[in-house]
Structures are given as structure tokens and as C-alpha cells.
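Only one structure is covered here, and it is reproduced in the block below.
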Amino acid sequence: MKVVPETVFKFFQQLEQNNNRDWFNEHKKEFKSIEKDIKSFYNSVLEDLKAHDDIDKLKIFRIYRDVRFSKNKLPYKTHFGGTFHRVKPELRGGYYIHIQPNNESFIATGFWQPEPADLLRIRKEFEVDAREMRDILNNKSFKFIWGDLVGDEVKTAPKGFSKDHENIDLIKKKQYIFIKKYTDAQVLDAGFIDDVNMAFKAIRPYFDYMSDVLTTNLNGESLL
């Protein structure tokens, strides 16, 4: 399936008003049909991605929320989310698609939770030289599609780094993410899948750079 069916949004809008097990169980058959359609859509994205990147797996998250450690005890998510994993250790970074009604849909790419060793390696790279990274971030066509780099960061500087460093804006980040938002109308449009694929394809200069950083030491010697 190359389109997101409107029934996805309608179901989630109903679930938002009836987020309980009784209602969900009564509409389980409807959900399973919608889930089948959305899995087909994600798999269509996967096939498009494979035409220009090496992806080893797709993971679509379950609708059931883990409420054990959450103040929010509602049992069900009101969105679909799926990640596309690149072949490691050579290729780094990942893709994510979030489908949610009320204009809350988005796609994201980058590094959500870098392992401590990877995070330190990235920071050390920017401590030495961030010119190539800034060339990517400031490229007009790249910026037009993805906007600015976002993600959580420390307040001043990570331990061992100067808060006065010229690249502290990059060094202090804990995540290195790009997000592109979509309205409901854009998600339901037949061209949505092509726009997503175009955006994912446009992220490659960033992924290629970060993959090179994370597979070499500061002397440029391969770690693989």
C-alpha cells in the first residue's frame, strides 16, 4: 500500500475519546484491519528506502503502552510509529515515521540515544573540527527539507569540554536529530510516500559524514 488510509486517523480520534480496554476490545477487528494497512504502507517505504540505502530491518511499534513506570495509565497509544535500521556497524543513523491525527505526524532521522562511546566520539570530532558538519547543516537544499538540527543537550558543557569552545552548540548536544512535520492532509495525500522517501534520501550527506566519524578514530584510522 502506497497511501495512508483515512481510517487510521478516524480510528485514533475515536480511541482518544475511548482509551480503555472495553472499547478497544469491541473494535479489535477494525484495529487489526487498519494495522494491516499501515504495515503495508511502512513496508512500501522500506522498499523505497532499499533503493538508495542498506536497511537491515523495519520495526513497527505495538499499540500497547508500557504503563508500569508512567503517570499516564492510558493503555493504548494513539499513533503508529516505525523505525528503519541501517546495516551496522558500517552505517549509522536511523529513520522514523510517526503517524498521528490532529496534525501531529512527523518523520525523523539521526541519533536518538547514542551510546556513550559514540556520543563522546562525536563530541571529540566537533572539538577538533566541525567545518564539514556545518557545511552540511547550512546547505540550502538540505536546510529547506530538514530545517535545523534538534535534540536534548546539556546546559553548559559536557564534562571535559570547555563551555567557551567555538563549537559548543554542537558539543553540548546529547541527541543529533532532524524532524519534518506533516499535517493530516499531507499524510493522506497520495504523494506523501514520495515526499518521505525524498526527505530520507536527502539526509544521506549527514549520515555518510556521521558514519565516517563513528567508524574511525580521531586520526582517521578505521575502527572496523
Checklist entry - Is it the case that K124 places NZ or CZ above or below the six-membered ring of F161, under 6.0 angstrom from the centre and within 45 degrees of the axis? => result yes
Checklist entry - Heavy-atom distance under 4.5 Å between the side chains of F80 and F41, does that happen here? => result no
Checklist entry - Okay, side chain of E104, backbone of P101: is any donor-acceptor separation there less than 3.5 Å? => result no
Checklist entry - Backbone N or O of E221 within a donor-acceptor pair of the N219 side chain at under 3.5 Å? => result no
Next on the checklist: I'd like to check Y96 versus W112 (side-chain heavy atoms, cut-off strictly below 4.5 Å). Are they in contact?
Outcome noted: yes
Next on the checklist: I'd like to know if the side chain of R65 reaches the main chain of N72, judged simply by a donor and an acceptor atom lying under 3.5 Å from each other, with no hydrogens or angles considered.
Outcome noted: yes
Next on the checklist: If you define the side chain from C-beta out and look only at heavy atoms, does anything of F24 sit under 4.5 Å from N18?
Outcome noted: no
Checklist outcome for this item: In this structure, CG of N197 is separated from CD of E47 (nearest 0.5 Å) by 11.5 Å
Item to check | Validation row: E125, Y209 side chains within 4.5 angstrom (heavy atoms) | outcome: yes
Checklist entry - Is it true that a side-chain atom of Y42 and a backbone atom of I97 form a donor plus acceptor pair closer than 3.5 Å? => result yes
Checklist entry - Any sub-3.5 Å donor-acceptor pair from S222's side-chain atoms to T216's backbone N or O? => result no
Checklist entry - CG of L137 to CG of L149: how many Å apart, nearest 0.5 Å? => result 6.0 Å
Next on the checklist: Would F178 and F142 count as a side-chain contact (heavy atoms from CB on, under 4.5 Å) here? Give the steps.
Outcome noted: CA-CA 11 Å; F178 292 94; F142 183 93; 3.7 Å; yes
Item to check | Side-chain donor or acceptor of R204 paired with backbone N/O of H52 under 3.5 Å | outcome: yes
Next on the checklist: Between D152 and Q175 (side chain of the first, backbone of the second, donor and acceptor by atom type, cut-off under 3.5 Å), is there such a pair?
Outcome noted: no
Next on the checklist: Please check this pair: side chain of Y182 against backbone of H98, looking for a donor-acceptor N/O pair closer than 3.5 Å.
Outcome noted: no
Checklist entry - If we only count heavy atoms from C-beta on, is the H85 to T83 side-chain gap below 4.5 Å? => result yes
Checklist entry - If you count the non-hydrogen atoms of other residues, nucleotides and ligands that lie under 6.0 Å from NZ in K10, is the total more than 12? => result no
Next on the checklist: Any heavy-atom pair between the side chains of H27 and F31 that's under 4.5 Å?
Outcome noted: no
Next on the checklist: Treating R86 as the side-chain partner and D53 as the backbone partner, does any N or O pair qualify as donor plus acceptor under 3.5 Å?
Outcome noted: no
Checklist entry - Is there side-chain contact between I145 and M198, with at least one heavy-atom pair below 4.5 Å? => result yes
Item to check | Candidate pair F111 and Y176, rule ring pair (Phe, Tyr, Trp, His ring centres under 6.0 Å), full reasoning | outcome: CA-CA 5 Å; F111 301 81; Y176 297 86; 7.3 Å; no
Next on the checklist: If we check salt bridge (charged side-chain N to carboxylate O under 4.0 Å, His left out) with K2, which of these qualifies: D48, D189, D194?
Outcome noted: D48
Item to check | Residue among E127, R134, R123, K172 satisfying side chain to side chain donor-acceptor pair (under 3.5 Å) with N167 | outcome: R134
Item to check | Flag side-chain contact, heavy atom, 4.5 Å: D195 against K180 | outcome: yes
Checklist entry - With distance as the sole test, does N25 use its side chain to make a donor-acceptor pair with the main-chain N or O of R21 at under 3.5 Å? => result yes
